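Treat the numbers as computed from the prediction; the structure is a model and nothing was measured. Lettering of chains follows the sequences in order, A, B, ..., and the numbering in each one begins at 1.
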2 protein chains.
Amino acid sequence: MLTAFVRDGTVEHPAVFEVFARRLPEGRRFGVVAGLGRLRELLADFRFTAEEVAWLRARDVVDDATARWLAGFRFTGDVDAYPEGELYFPGSPVLTVRGTLGECVMLETLVLSVLNHDSAVAGAAARMVLAAGDRPLVEMGSRRTHEDAAVAAARAAYLAGFASTSNLAAGLRYGVPTVGTAAHAFTLAHATERDAFASQVAVQGKDTTLLVDTYDVAEGIRTAVEVAGPGLGAVRIDSGDLAETASAARALLDELGARETRIIATSDLDEFVITALADAPIDGYGVGTRLVTGSGHPTAGMVYKLVAVGSSPGGPLRPVAKKSHDKVSVGGAKTAWRRAVDGVLAAEWYRVDGREEPDARPVQVPVVRGGAVVHAPTLEEVRATCRAALAGLPPGARTVAAGPAYLTAGLEGEPS
Amino acid sequence: MLTAFVRDGTVEHPAVFEVFARRLPEGRRFGVVAGLGRLRELLADFRFTAEEVAWLRARDVVDDATARWLAGFRFTGDVDAYPEGELYFPGSPVLTVRGTLGECVMLETLVLSVLNHDSAVAGAAARMVLAAGDRPLVEMGSRRTHEDAAVAAARAAYLAGFASTSNLAAGLRYGVPTVGTAAHAFTLAHATERDAFASQVAVQGKDTTLLVDTYDVAEGIRTAVEVAGPGLGAVRIDSGDLAETASAARALLDELGARETRIIATSDLDEFVITALADAPIDGYGVGTRLVTGSGHPTAGMVYKLVAVGSSPGGPLRPVAKKSHDKVSVGGAKTAWRRAVDGVLAAEWYRVDGREEPDARPVQVPVVRGGAVVHAPTLEEVRATCRAALAGLPPGARTVAAGPAYLTAGLEGEPS
């Protein structure tokens, strides 16, 4: 494709590509934009090495002229996007890339991979956060996904409201708060459960979380309180009927005088199980598999489509759109607007004429100008954006109950 | 956990950990072991940098002694595993790690991340390969998953029988055959569909694949044959009712004299859609989203469990197993055996006494000895292993129809 663009000269024609999702995953009321912070860093480093170009040329993937073009490639265009942590809906123009056709085309896979993965995790995480209410959530899913995806997933979960992660690389790379966990292997590796607890308390102090279900939960709790005293920080339960086990654990802890000892539940949790556990005496959750796999929807389904293109270098743009069958798109570069009523998000729409909307808020922000990053919020700021965005939904859209997308972004003036 | 191990001395005790899946994804008859080739490379490079150790120490994640231990860490133990490309079933001891407790514990997340991701993709890919029969499959899912997971997914798909990938990094890094695709943007970027096809044919020759559904499929096919001649390599259809559209496309191509022009179908394919398209005049498939997300099961559900541990450095091992509730495991290091009848896999079981089985085939192979890799098949050899393994299943287990696991690996002498 690139070789043909280089050969016929269109490679230098101006173009606009947009990222959007045609629909949300089944039953979801909203999506969460995530990945922009990672994309920013990846974009800054996006070059082709001499080895890569030579390999592509040797295999005739590209011709000589295209190999030279790739060797000199760096992105020099503009990017506008919904801020990371913001919500999106079907049709929302989440990210817009402007540049030459060649450089815009180069970005497709990188942009979509990052946004589709991170937004899938953040969307699931936000629902778990809503389900958990005041109870903190720990991300513990590293072992259930690709080793690098795991680090990105920990970041996405945190920006969507998780309290911490067990992934230390996410702590080092992104500043996500980290927590340790003890595995069943830790208990099994010692001669007795008591030895294991004593060893952990000796290192961590009594304000630690002891995993009490390796053998028998009640026995484990008694041993834990004997070893750490009634000031023990927390116990973790990772098997069985969590509601029932937590209730029995709470009663036993109270009986033993460990009234302040928290109960942490793990074991195949997701937003639905967390909702069902709302009345159980649980103080925090650890979530793994279902978080890093997007709770049934491991990819956000965003696409990257050409919406406008010129016929000569620097020439004017004409709107374009695929028209066949089931995949109809709206051509033209879009600006997105939102209106809130009494602090509650009420409508989102876009315009293709670039005009301002006097009584609405623009959603997109400039992210890259002439290849240089101009928007780099901290992860804490992104987290605040997400928190505010979720708070701006009406209560009915802030539950995990299945329903249609709360909004659909359509062309201004058209019913949505 | 590691700090406690270092502090109480268990860090140097001998240990055996095993990887296995308690169950297969719902409806799956078998799993495919994948990731070993990647794991081998990652293991060889698995060290902690001074920066990483300093960060862990500064945040008090580890104490001084543990920081020193980490700085000197490299894996010096042994790994045995099912060969990559081999099948696995519930209970199969897919991978065994022997070493000190400390070094074994360090490997957990890396081993599980790689195997759970790659095996999930390979398991889905193998079913698509069985569904497609003689029709080649192209992996095209890079944009639907994390940017690095995408490269691993392309490798996993290839070892399970896919013909090629659109991920060039997988070509460069692993030697997976690569193919290019033209997007709708390629057509839209030109003034007319005819211009776009002419540009592509000028670069690729007539033996290329033209995407014919940007505007109108019939019109697109007529234009494609006019531009490339009846010797056009293939047309690609990416929308609509694929069976119906392919039939109409075949009739039109034949009418235009393009009898040898192939039809490639893409658009949300998975093993079930591919099965449903068996009678359609389609010559090859491109699969994206559903492949890289494991066709509904994005993680293989493998766990890493301590099965034996010693009480002193170099001391004898005792079998251990978690016993509470719903997660019961069998203690002791396992050797796995298989029996085939008339070339068809008939049984798999394991022993915990290390004895040989005279009339059976051992499944595990030594992969690492004393930290050094001793088993490094090429990706083509892995692909051959998978092909042979699939051929060894009875026809009833080689379909995509839902059913229970074809086998369950249990303790020798116990009913499975």
Side-chain angles (χ1 to χ4, degrees), chain A residues 1 3-4 7-8 10 15 52 55-56 61 101 105 108-110 112-114 116-117 142-150 152 168 172 178 180 182-186 188-191 199-200 202-203 213-217 239-240 289 293 298-299 305-306 309 311 320 322-327, chain B residues 1 3-4 7-8 10 15 52 55-56 61 101 105 108-110 112-114 116-117 142-150 152 168 172 178 180 182-186 188-191 199-200 202-203 213-217 239-240 289 293 298-299 305-306 309 311 320 322-327:
Chain A
M1 206 166 134
T3 297
R7 192 85 65 94
D8 68 18
T10 48
E52 288 165 343
W55 182 84
L56 292 166
V61 174
L101 192 55
V105 163
E108 171 167 2
T109 300
L110 187 65
L112 287 181
S113 289
V114 172
N116 274 326
H117 174 267
S142 294
R143 294 161 298 171
R144 311 294 173 219
T145 186
H146 180 278
E147 66 277 12
D148 294 311
L168 291 165
L172 174 59
T178 61
H184 294 112
F186 182 80
L188 293 171
H190 291 85
S199 175
Q200 184 173 334
V203 167
D213 72 341
T214 303
Y215 304 108
D216 175 85
V217 175
S239 53
T289 306
T293 57
T299 186
K305 295 295 170 189
L306 180 67
V309 66
S311 301
V320 294
K322 180 174 185 300
K323 291 204 180 64
S324 74
H325 292 299
D326 45 335
K327 294 179 179 172
Chain B
M1 204 164 134
T3 296
R7 192 84 66 91
D8 70 18
T10 47
E52 287 165 344
W55 183 84
L56 292 167
V61 175
L101 192 56
V105 163
E108 171 167 2
T109 300
L110 187 65
L112 286 181
S113 289
V114 172
N116 273 328
H117 174 268
S142 295
R143 294 161 298 172
R144 309 296 173 218
T145 186
H146 180 278
E147 66 276 12
D148 293 312
L168 291 165
L172 175 59
T178 59
H184 293 113
F186 182 80
L188 293 170
H190 290 84
S199 175
Q200 185 174 333
V203 167
D213 72 341
T214 303
Y215 303 108
D216 175 84
V217 175
S239 53
T289 307
T293 58
T299 186
K305 294 295 170 189
L306 180 67
V309 66
S311 301
V320 294
K322 180 174 186 298
K323 291 202 180 67
S324 72
H325 292 297
D326 45 336
K327 292 178 178 172

Sort [X] into side chain, backbone, both or neither according to what part of it lies under 4.5 angstrom from a heavy atom of chain B.
X: A149(A); value: both
X: V203(A); value: both
X: T289(A); value: side chain
X: R7(A); value: side chain
X: L188(A); value: both

Non-hydrogen atoms of [X] and [Y] that approach each other most closely:
X: L306(A); Y: A185(B); result: CD2-O, 3.6 Å
X: H146(B); Y: A152(A); result: CD2-CB, 3.8 Å
X: K305(B); Y: H184(A); result: NZ-ND1, 4.2 Å
X: A182(B); Y: M1(A); result: CA-SD, 3.8 Å

Practice prompt. Could you look at L101(B) and say if it's the side chain, the backbone, both or neither that has a heavy atom under 4.5 Å from chain A?
Written response: side chain

Using a cut-off of under 4.5 Å for heavy-atom pairs, which of [options] has the most such pairs with chain B?
options: E52(A), H190(A), E108(A); result: H190(A)
options: D8(A), V320(A), N116(A); result: D8(A)
options: T178(A), L168(A), L110(A); result: L168(A)
options: L172(A), T10(A), V61(A); result: L172(A)

Worksheet, complete the sentence: Of the listed A189(B), G180(B), A183(B), the one with the largest count of heavy-atom pairs under 4.5 Å with chain A is A189(B)

Worksheet item: Going through the distances and angles, do T299(A) and R143(B) end up as a side-chain contact (heavy atoms from CB on, under 4.5 Å)?
Response: CA-CA 9 Å; T299(A) 186; R143(B) 294 161 298 172; over 6 Å; no

Worksheet item: Knowing that exactly one of L112(A), V114(A), D148(A) qualifies, which makes a side-chain contact (heavy atoms from CB on, under 4.5 Å) with E147(B)?
Response: V114(A)

Worksheet item: Between F186(A) and T214(A), does a side-chain contact (heavy atoms from CB on, under 4.5 Å) hold up when you go through it step by step?
Response: CA-CA 10 Å; F186(A) 182 80; T214(A) 303; over 6 Å; no

Worksheet item: Taking S113(B) for the side chain and T145(A) for the main chain, is one N or O donor matched with an acceptor at less than 3.5 Å?
Response: yes

